[in-house]
Amino acid sequence: MTGSDLYVKIADENNEFEQIYQLNYQTFVKEIPQHRPNSQEKLIDRFDSENVYVIAKIDEAVIGMICVREKRPFSLDQKLGCLDAIVDLSGKPCEIRLLAVCEKYRRGTIFYRLVHKLVSYCLAQQYTMALISGTTRQSKLYKKMGFLPFGPLLGQKDAQFQPMFLNEENFSKQSLVYKRIIEKHERLSYEKQSFLPGPVSIPSDVKEAFNAEPISHRDRQFVTTMKRVKLELLRRTNAKQVQIAMGTGTMANEMVAAQLSKLGGKGLILACGEFGERLIAQGTRWGLDFDTIQHEDWSSISITQIQRRIEQIGPIKWLWTVHCETSTGYLFPIEGLTMLCSQYNFKLCLDACSSLGTLPINLANVYLASSVSGKGLASYPGLALLFHQESIEPSKHLPAYLDAGYYQKNEGVPFTYSSNLLLALQQALTHHHCSENLYKRLLKILCEEKIDVLKHDSYSPAILSINLPQDLSSRIVGDSLKKASILVSYESHYLLKRNVIQLALMGVMKEKNVLAIVEVLIKTIQTLRKQASTL
């Protein structure tokens, strides 16, 4: 749960009041035995029609409440009988009651948000004093809020309450206190951050663009937007042409394979990780003629190794590889590969799904390259990108949806598109994300704490892979971090098999936020290791 997921308001809808009665029952019948159980499992306060309820909601669920009432007699009038003789009620007093927060949400700022909203409401109503019957279980909390006790304890032995009051001066002070507490918590909060390679954290202006009213893919505005997006993609990559299709990175790689089936000839596919192996599987499905360099231990493949293999198998017409091998963070050097292209006269094809947007990329000498709208570009997934060096003619032998030539012939818009995805991508391309400095800083911190980070001679600044010791399961670590609302990659079969967790530095990254999260990550690993060693 994050600050943006939670919102606080005055209750004014029927479904909100129904949930208030259920939360009231859960708190003051089941948890604090102040009232008798009933079959409806709802508790409607006797002053319900006069209460103003401040509620905290996540989506449509009410997860916290507190109420205020100004009409006398107060509940304390009835309980004490001589309230005016015990405390000075001159001015405009009110009574605050029914503070309740669902158990699973009691950590964090929900309580402070409820009270801050309530105090703001009370100040607006010009109340001069607030009275409460504070449960003795929370007496320290109420005193910290500025409430002063008066009169005798009330209630039963196992559910006692202390009458307390808060005067006008403290009313105003507490509003500022709660505001500062909430702001401090939000600055330190790490709940919003995701370290997944997709979906990534998306800038607010990209979200806003995505939420625009949809338009037809035949509309002039859509066609203009498509042209602008393509021009910006070409500017960023030095590619000559690009086609945009509805789909994922796998879709973009199918389009590459489709073009290689037209090109013919023998090829070479490199695999030093999960995504290289997927290229081999796709090439096999398309019936391509190719050899492989496949490192089962996922160690890096050098330019020298590629050169030797080409000399062993003879001339090749194309080479296909993942640029950034997401499963390890290894980054193939494009310059070295293009030099081999020139030397051995073959065409280079790249899967750039995890590299575009995370670092500068030059596709000027790349025959075909695939990528996506999500990941490093920090937009929503759903658009497949195919960059190409040469003009492509349509083919009657390819499925139209995979035929880049068909897209080119139809000026890039042969089928129905989501205008929302395109507008979001257009806005995302106004941002530039560079995680290299953050990567180096995190790498230094992790190494200093003796966390085993997978290193390469050529690395992606967007992927940190952590090798966990055999006595510590990556699933246990990942599950523990998820409970703390820290999302890392660990659930893919290839990561579980190798006992690895990953941090993807893609999308919106706030350095202070990330550093705070990494501290929690390190402590989690260290704590779990200690627990494992005692078993």
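Under a cut-off of 6.0 angstrom, the local environment of NZ in Lys9 is crowded, with over 12 non-hydrogen atoms contributed by other residues, nucleotides or ligands. More than 12 heavy atoms of other residues, nucleotides or ligands lie within 6.0 Å of CG in Asn211, so this atom counts as buried by the packing criterion. More than 12 heavy-atom neighbours from other residues, nucleotides or ligands sit within 6.0 angstrom of NE2 on His432. Within a 6.0 Å sphere centred on CD of Glu208, other residues, nucleotides and ligands contribute 12 heavy atoms or fewer. Residue-environment remark: CG (Leu234) exceeds the threshold of 12 foreign heavy atoms within 6.0 Å. The number of heavy-atom neighbours closer than 6.0 Å to CD of Gln312, taken from other residues, nucleotides and ligands shown, is above 12.
For residues 459-491, the ring pair (Phe, Tyr, Trp, His ring centres under 6.0 Å) pairs, not counting sequence neighbours, are Tyr439-Tyr459. Residue pairs that meet the salt bridge (charged side-chain N to carboxylate O under 4.0 Å, His left out) test with at least one member in residues 488-507, sequence neighbours left out, are Lys482-Glu491. Note on residues 225-255: no pairs pass ring pair (Phe, Tyr, Trp, His ring centres under 6.0 Å), not counting sequence neighbours. Listed by first and then second residue, the side-chain hydrogen bond (donor to acceptor under 3.5 Å, both in side chains) pairs that reach into residues 364-380 are Asn253-Ser370, sequence neighbours excluded.
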Would you be so kind as to tabulate the donor-acceptor pairs closer than 3.5 Å made by side chains of residues 448-455, with sequence neighbours excluded?
{"from": "Glu448", "atom 1": "OE2", "to": "Lys444", "atom 2": "NZ", "distance (Å)": "2.6"}
{"from": "Glu449", "atom 1": "OE1", "to": "Gln526", "atom 2": "NE2", "distance (Å)": "3.1"}
{"from": "Lys455", "atom 1": "NZ", "to": "Val453", "atom 2": "O", "distance (Å)": "3.2"}

Using distance only, find each side-chain donor-acceptor pair of residues 256-267 under 3.5 Å and give its atom names and separation, not counting sequence neighbours.
{"from": "Ser261", "atom 1": "OG", "to": "Ala258", "atom 2": "O", "distance (Å)": "2.5"}
{"from": "Lys262", "atom 1": "NZ", "to": "Glu393", "atom 2": "O", "distance (Å)": "2.9"}

Using atom types as modelled, flag every donor-acceptor pair under 3.5 Å from a side chain in residues 215-223 to any protein atom, sequence neighbours excluded.
{"from": "Ser216", "atom 1": "OG", "to": "Arg218", "atom 2": "N", "distance (Å)": "3.0"}
{"from": "Arg218", "atom 1": "NH1", "to": "Val413", "atom 2": "O", "distance (Å)": "2.8"}
{"from": "Asp219", "atom 1": "OD1", "to": "Gln221", "atom 2": "N", "distance (Å)": "2.7"}

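With sequence neighbours excluded, no residue forms a side-chain hydrogen bond (donor to acceptor under 3.5 Å, both in side chains) with Tyr417. Residues passing the salt bridge (Lys or Arg N to Asp or Glu O under 4.0 Å) test with Asp471, sequence neighbours excluded: Arg529. Taking Ser204 as the reference, nothing meets the side-chain contact (heavy atoms from CB on, under 4.5 Å) condition, with sequence neighbours excluded. Every ring-ring contact (aromatic ring centres under 6.0 Å, His included) that Tyr330 has, sequence neighbours left out, goes to Phe332, His456. Scanning for side-chain hydrogen bond (donor to acceptor under 3.5 Å, both in side chains) contacts around Gln307 gives Tyr344, with sequence neighbours left out.
A donor-acceptor pair under 3.5 Å is formed between the side chain of Asp403 and the backbone N or O of Ser395. Here the side chain of Arg113 pairs no donor or acceptor atom with the backbone of Val8 at under 3.5 angstrom. A donor-acceptor distance shorter than 3.5 angstrom exists from the side chain of Ser435 to the backbone of Pro461, with no hydrogens or angles considered. Looking at Asp351, its side chain never comes within 3.5 Å of a backbone N or O of Val322 through a donor-acceptor pair. A donor-acceptor pair under 3.5 Å links the side-chain atoms of Asn499 to the main chain of Ser474, judged by distance alone. Between the side chain of Gln19 and the backbone N or O of Val62 there is at least one donor-acceptor pair closer than 3.5 Å. Not one N or O on the side chain of Gln426 forms a donor-acceptor pair closer than 3.5 Å with the backbone of Thr225. No donor-acceptor pair closer than 3.5 Å links the side chain of Asn410 to the backbone N or O of Gly412. With hydrogens and angles disregarded, no donor-acceptor distance shorter than 3.5 Å links the side chain of Ser492 to the backbone of Leu495.
Separation of atoms CG (Leu319) and OG1 (Thr338) is listed at 11.5 Å; rounding is to 0.5 Å. In this structure, Thr358 OG1 and Leu377 CG are separated by 9.0 Å, a value rounded to the nearest 0.5 Å. Note that CG of Leu233 and CZ of Arg228 are 14.5 Å apart. Values are rounded to the nearest 0.5 Å. The CZ atom of Phe387 sits 10.5 Å away from the NZ atom of Lys230 when rounded to the nearest 0.5 Å. Atoms CG and CD1, from Asp289 and Ile316 in turn, are 11.5 Å apart once rounded to the nearest 0.5 Å. Expressed to the nearest 0.5 Å, how far CG of Leu383 lies from CG of Leu421 amounts to 5.0 Å.
For the pair Leu23 and Cys102, the tightest heavy-atom approach, listed with the atom from each and the gap, is CD1-SG, 3.9 Å. Nearest heavy-atom pair, Trp286 versus Pro399, reported as atom, atom and distance to 0.1 Å: CH2-CD, 4.4 Å. For the residue pair Ala252 and Leu386, the shortest heavy atom distance occurs at O-CD1, 4.2 Å.
Looking at heavy atoms from C-beta onward, Cys341 lies out of side-chain contact with Lys347 at the 4.5 angstrom threshold. In this structure the side chain of Ile301 reaches within 4.5 angstrom of the side chain of Ile306, judged on heavy atoms. For the pair Lys240 and Glu390, the minimum side-chain heavy-atom distance is 4.5 Å or more. Side-chain contact check for Gln389 versus Val366: every heavy-atom pair is 4.5 Å or farther apart. Counting heavy atoms from C-beta outward, Thr321 and Ile269 have side chains that stay 4.5 Å or more apart.
Using cut-offs of 30° and 60° for the angle between ring planes, the Phe415 and Tyr407 rings count as perpendicular.
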(request) Give the intermediate values and the outcome of side-chain hydrogen bond (donor to acceptor under 3.5 Å, both in side chains) for residues Thr326 and Glu274. (result) CA-CA 8 Å; Thr326 317; Glu274 170 68 18; over 6 Å; no
(request) Would you sort out whether Leu503 and Ile466 count as a side-chain contact (heavy atoms from CB on, under 4.5 Å), showing the intermediate values? (result) CA-CA 8 Å; Leu503 281 68; Ile466 297 174; 4.0 Å; yes
(request) Go through His388 and Met255 one step at a time and tell me if the side-chain contact (heavy atoms from CB on, under 4.5 Å) criterion holds. (result) CA-CA 11 Å; His388 52 105; Met255 296 179 77; over 6 Å; no
(message) With side-chain contact (heavy atoms from CB on, under 4.5 Å) as the criterion, how do Glu254 and Gln282 come out once you've worked through the C-alpha distance, each side chain's angles and the decisive distance to 0.1 Å?
(response) CA-CA 7 Å; Glu254 293 290 347; Gln282 285 180 288; 3.0 Å; yes
(message) Please evaluate residues Tyr406 and Tyr401 with respect to the criterion side-chain contact (heavy atoms from CB on, under 4.5 Å), reporting the C-alpha separation (whole Å), side-chain torsions for both, the decisive distance (0.1 Å), and the verdict.
(response) CA-CA 8 Å; Tyr406 190 68; Tyr401 207 68; over 6 Å; no
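Contact check on Lys227 versus Glu411 returns no salt bridge, with no Lys/Arg side-chain nitrogen under 4.0 Å from an Asp/Glu carboxylate oxygen. For the pair Arg235 and Glu232, the salt-bridge criterion is met [side-chain N within less than 4.0 Å of a carboxylate O].
Side-chain atoms of Asp205 and His431 form a donor-acceptor pair, as typed in the model, at a separation below 3.5 Å.
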